[in-house]
Amino acid sequence: MNFQTLARHIIEEERKYPEATGELSSLLHDLSLATKVISLEVNKAGLVDILGFTGDSNVHGEQVKKLDIYAHDMMVKAMDHGGHLCVMASEEEEDIIHIPPHFHIGKYVLLFDPLDGSSNIDANVSIGTIFSIYRRITPDDQVATMEDCLQPGHKQVAAGYVIYGSSTMLVYTAGNGVHGFTLDPAFGEYILSHKKIETPKKSKIYSINEGNYLYWHTGLKKYIKYLQEEDEESGRPYSSRYIGSMVADVHRNLLYGGIFMYPADSRNPNGKLRLMYECNPMAFIIEQAGGKASDGKRRMLDIQPEKLHQRVPIFIGSEDDVKTVEKFMAEEEVKASK
Ligand code: AHM
Ligand code: MG
């Protein structure tokens, strides 16, 4: 059989680095297992009474959980005892999550958004799990701290997402390109389906919530109008595609080319999306695929985080498009400062 499972792919990637211990491979394997369970539950969402609020009971009189809480619990349960992690943090939990001291403590740090875009679940729209892995920076013989979690994105060792869409796909990078695997529902394995994904340098798609137009930066308003103008040479007008589910929007743009934006606006000066759980892992993936990610001014991966749940504006996708929006916004700032 001429196909490659995720497990085999990870092992073969690791063979390229003689100093590798195999720990990262096992970690990614545990992670993929957790997402398979989440995928099953997501697929059942319309059938089982799992969409009620936390605390409701289902037809069996059992307590049901909202799917995002379920996904969070599943990630923690699958990852806390593997021996690879020293600390975790989740978008669903205020504080960092320590590894119980009776488990082996490893050298990696895991940050995740267990179910991004979960407000879309009821409408059967694609949602996803996003993960980001760092090496610990505090000494091995001490309890890991917030410092281990608050590292800039360029320190990521690996990052990825799983999209629960028309099929379930896991896309990851460990710093050596971006690889995509589709879950075969028949035998429950992720199979390599998208080898070394490269995103187009320039695109024809923009993704942004245009309902917020009134509150945007003038430079951004001008940029969007520019994309809507007709100009054959530069391939305008662009198409607008916005699902409202970051994993799905970024995934489509990764494959077809495109720019995804969640900007700051006059009501939300830091935008909406989270640096540690959404923006950094996606930025690592996009850069590895040849794209670019910024907060409008700075490279996303160079931002020094201050808070675990910090929000940040994001412009991510095809390199030329991200550069163009940065230029539009910078020009307006120069004008405003005169
Ligand atoms: P969530 O973490 O509460 O699910 O919110 C994140 C989601 C992203 O997936 C998506 O890009 C964004 O929120 C959409 O926001 P909006 O509805 O404001 O356009
Ligand atoms: Mg989220």
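Ligands are counted one by one from 1 in listed order, and the atoms in each one are counted from 1 as well. The first residue of the sequence shown is numbered 1, and numbering continues consecutively from there.
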Aromatic plane relationship, His81 with Phe103 - under 30° parallel, 30 to 60° tilted, over 60° perpendicular = tilted
Taking [X] for the side chain and [Y] for the main chain, is one N or O donor matched with an acceptor at less than 3.5 Å?
| X | Y | answer |
| --- | --- | --- |
| Glu12 | His9 | no |
| Asp321 | Ser203 | yes |
| Arg136 | Pro139 | yes |
| Ser207 | Arg241 | yes |

request  = Below 4.0 Å from any atom of ligand 1, which residues have a heavy atom? Give them in chain and number order, please.
outcome  = Glu91, Asp113, Asp116, Gly117, Ser118, Asn209, Tyr242, Gly244, Ser245, Met246, Phe260, Tyr262, Lys272, Leu273, Glu278
query = List-wise, which protein N, O or S atoms are found short of 2.8 Å from the Mg ion (ligand 2)?
reply = Glu91 OE2, Asp113 OD2, Asp116 OD1, Glu278 OE2
Short N-O contact, Arg252 and Asp249, less than 4.0 angstrom = yes
For residues 267-284, please give each side-chain donor-acceptor pair under 3.5 Å, one per line with the distance, not counting sequence neighbours.
| residue | atom | partner | partner atom | Å |
| --- | --- | --- | --- | --- |
| Arg267 | NH2 | Asn212 | OD1 | 3.4 |
| Arg274 | NH1 | His309 | O | 3.1 |
| Glu278 | OE1 | Arg274 | N | 2.7 |

Distance-only criterion, 3.5 Å: show the donor-acceptor pairs between side-chain atoms of residues 329-338 and protein atoms not counting sequence neighbours.
| residue | atom | partner | partner atom | Å |
| --- | --- | --- | --- | --- |
| Glu332 | OE2 | Lys222 | NZ | 2.8 |
| Glu332 | OE2 | Lys335 | NZ | 3.2 |
| Glu333 | OE1 | Lys297 | NZ | 3.2 |
| Glu333 | OE2 | His217 | NE2 | 3.1 |
| Ser337 | OG | Glu333 | O | 3.4 |
| Ser337 | OG | Val334 | O | 2.8 |

ask   = Think Lys225 forms a cation-pi with Phe328, using NZ or CZ under 6.0 Å from the six-ring centre and within 45 degrees of its axis?
value = no
